[in-house]
Amino acid sequence: MSLVFYLFAALTLAGGLAAVLLKNTIHCALALTVAFAGLALLFLDLDAQFAGFAQILVYIGAVAILVVFAILLTRSSETPKDGVYSKNWLAGLAIAAGVFAVLAWAVLQSAGGLPQGAAATPAVTVLQIGNALLGRYVLPLEIVALLLTAAMIGAVIVAMHEKERAQR
Amino acid sequence: MITDNTVGGILLGEGILKGLTETAKNFAGSFVSAERLTTVEYPEQRVAPIEATRVFPFLVYDGKDWEAGMRCVACQICEKECPPKCIYIEKSKDKKPDAVGKPQFYPTKFDIDISVCMSCQICVEVCPFEAIKMDTEFELSTEDRFGGLLLGREQLSKSNEYYHEIHATEAANVDASLAAGRAKVDAKTTAVAIAAAVRGAEVPPRPAEGGD
Amino acid sequence: MVERMDQVFVLFAHWLVGFLPAGWQPVAAVLLSVVVIICLFPALFALTTVLERKGLGRIQNRIGPNRTGPFGILQPVADGIKSLTKEDIVPLSADAVVHFLAPLVLVVTVFMGFAVLPMGRGMVLADIDAGLLFFFAMGASTELSVFMAGWSSRNKYSLLGAMRAVAQMISYEVPLLMSSVAVVMITGSLSLSRIVEAQNHYTWGLPHWYIFTPWGLAGFVMYAIAATAETNRSPFDLPEGESELVAGYHTEYSGFKFALFFLGEYLAMFSISGLGTTLFLGGWSAPFSFLGWVPSWIWFFSKLMLSICVFIWLRGTLPRLRQDQLMNFAWKFVLPMTLLNLMVAALWRFLGDGWERWVICSAILLLAYLAMGWLGMRQGHIGPRRYRYAD
Amino acid sequence: MSQATPLAGCLLVAALLFSIGLAGALTRRNAILVLIGIELMLNAANLNLIAFWRYGPHPEALTGMMFAIFSIAVAAAEAAVGLGLVIQVHRHARSTDLDAMNRMKG
């Protein structure tokens, strides 16, 4: 377990925890970007170069800005007066802890059965990914393309500012 | 519809290219032709100020002694007219003879706060005695923010010759009108003198007004 | 001898790294080139500030700085000292941590963009297989630092400037990517050194640069427009519109942090024009075959400085665009043209060699250009402004 | 943890990140922070996919990585639509406080 892996994992988890626990919403969004960056580094550490750069481009480049814009548009950067956590926060925490316990138990139990030993680092070239994308995965690619267009149009229509309804 | 360049109008970016060629000509020209490089290196080289430049007012005086020859008679019209109220005049108690010889008041204190003055030249326009004109001197920076920028009578007074130097044509017109005025006054005094002489034949003559 | 001149830096690096024990050599080699980049480009930035001020001056019939040192060469030193000694004021209500981090994030991400640019034959810091994607990933994360700067200064003007800047950078990032995808499609690889090698051939002495192909020229024009907008320069410098937004998102910054933002903006300009030369102007390949003896890195840096001069030239000429014109232009003109350019590039690739592909591709692009111009002019979006006096 | 293989390490990190996201989604009051929690959970899933692809039997089959790339795209689309909804809800109900949104009236 190399030191680098621990470093990146610590960065990601710290970012994730901060994104969840901080009071100021904008700080949460920035901590979220730290978590995204940590994850991208983890992907690169796992030799998934294309996925790592795609993660940076899509998440840090677009989703983080989207979250921040949404925070500003809904004026939630001012901390609310009656507390930041919902009333039944204890239940939520208990459920999350339970889920983690189950997952951790499952991982540790099956630690033996997992493929041991460091597999040879697969030299994945962008050419292979391109061929795979347009070869075996051409159907999912078209579906995701359709989905992205639908999501884009849908998001615009949902968030559009209706002039007439607001005046009523 | 579009009036002038209908056909040329549809080429997108055509205006941008024209603009770019213009600036390129300007850029290349500035190394070559003088008229494309109009700026000079200020302290070392200076561009002669244009005739009608005006910065801050100054008081004109005739002859050598600035106090005696001062044209200003402290009528305080300019003080009232000045929009930012930057002129302060204190009138004298006694009188002194002016250029024509007529005893006039004179300002014991004539301050202009040049940090407030906006060079609008209204004082020059309203002054009936051509006593205040606009100077072209602009290097007036001082360390002292308040006192240094409040010019007193003595610093404001400059000779008529200096006035001729900076505003030649205007000074010439002013002198011509003053001379005409003086000639009219002399003619009037001589006419009065003759009339007095004629009446004097019946009644003893009054003492002549102060001459030069 | 020629070969040595071309590879002088690579050989020097090997020689220098040779002193270290074998284990440390790869790390030292990378560190050495990182140090070179971190010293070289700020020096280029200093040179460009003088170039810009003198160039703008000459365009506006004045001389430009010539007091500090001969021909004003020491002006950047003066600016540097001034920005270092100026007091660094942080507004009381500002969010200190985010306010402090914003310039750092900007400069770091922009510097990381230089890692993949091939600056000469075999002179690339990290020859990543997905180099272009890495470059755009770094380019995309500069927007976040702009937003952090704008929001953390808690000042209406800077927030407005940040919003405008982020909106502009996002809407011009799409055409930027699209125009470079055309190049990737023709070369068949995302790695920048492969792209430069693909352009490094000559027929009758003329190079195979992509700008000399119809889709390449259109792509380069779109790329240049998007690059100018991406770095908030010249006609698109709305976020720092002095007249209305004081200084946009870096209003509340002073002293060294402001200089960092300044550096970040110029470095973004270098890296975007560096990528432009790599994609369309044949990176480090010589313009003519008989000029092959000149070292390759000279070509890269001369093309880089040439595009910087074009940036300055644009800044001296064009007035600033309004925000809606800017957005309108991006989504209604630049993006459709880049999409069409993508299709034309595909057509170019599958029409095979021969003169007909030249004719067809240029015909399509010219037609689209005229149609877009005619359409734009008729609806009055783009053409000269028409005034109607109130009758 | 000495005998833990790198894969188990990745899985544990992913599980922890997933539960942090879940905790965020469940306990936070602000709608946007629930979406942030969901983003974290999606990212944790991506990490699992890449980990299994990297240490799995056939990395050259690229299945894991393809799946991760598609899931990144889908997550981006989901984030866009989710935030669009949140903005619309805010404009309608004047607040993004989830506890306050307990009425179904239009």
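Owing to the predicted nature of the structure, the values given are computational and were not obtained by experimental measurement.
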Nearest-0.5 Å distance, [atom1] of residue [X] to [atom2] of residue [Y]:
X: D/Phe70; Y: A/Leu141; atom1: CZ; atom2: CG; result: 5.0 Å
X: A/Cys28; Y: D/Ile32; atom1: SG; atom2: CD1; result: 10.5 Å
X: D/Met65; Y: A/Phe43; atom1: CE; atom2: CZ; result: 10.0 Å

Which bit of [X] comes within less than 4.5 Å of chain D, counting heavy atoms only: side chain, backbone, both or neither?
X: A/Val67; result: both
X: A/Leu46; result: both
X: A/Ile143; result: neither
X: A/Ala48; result: both
X: A/Phe69; result: neither
X: A/Leu22; result: backbone
X: A/Leu32; result: side chain
X: A/Leu17; result: both
X: A/Met160; result: backbone

Find the one option among A/Leu73, A/Asp45, A/Val156 whose heavy-atom pairs under 4.5 Å with chain D are most numerous.
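Greatest number of close heavy-atom pairs with chain D: A/Leu73.
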Taking A/Leu42, A/Leu93, A/Leu147, A/Ile129 one by one, which has the highest count of heavy-atom pairs under 4.5 Å against chain D?
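Winner by heavy-atom pair count: A/Ile129.
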Do side-chain atoms of D/Arg28 reach the backbone of A/Val20 as a donor and acceptor pair under 3.5 angstrom?
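Judged by distance alone, yes, a pair lies under 3.5 Å.
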For the backbone of A/Ala159 and the side chain of D/Gln88, can you confirm whether one donor and one acceptor N or O come within less than 3.5 Å of each other?
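Side chain of D/Gln88 to backbone of A/Ala159: no pair is present.
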Chain A: which of D/Ile36, D/Ile69, D/Leu85, D/Leu33 shares the most heavy-atom pairs with it under 4.5 Å?
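Most heavy-atom pairs within the cutoff with chain A belong to D/Ile36.
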When only pairs under 4.5 Å are counted, which of D/Val74, D/Ile50, D/Val13 shares the most heavy-atom pairs with chain A?
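Option with the top pair count is D/Ile50.
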Which heavy atom of D/Cys10 sits nearest to which heavy atom of A/Phe5, and what is that distance?
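Taking D/Cys10 first and A/Phe5 second, the nearest heavy atoms are SG-CE1, 3.5 Å.
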For the residue pair A/Gln55 and D/Asn43, establish whether any side-chain heavy-atom pair is separated by less than 4.5 Å.
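Counting from C-beta outward, A/Gln55 and D/Asn43 do come under 4.5 Å.
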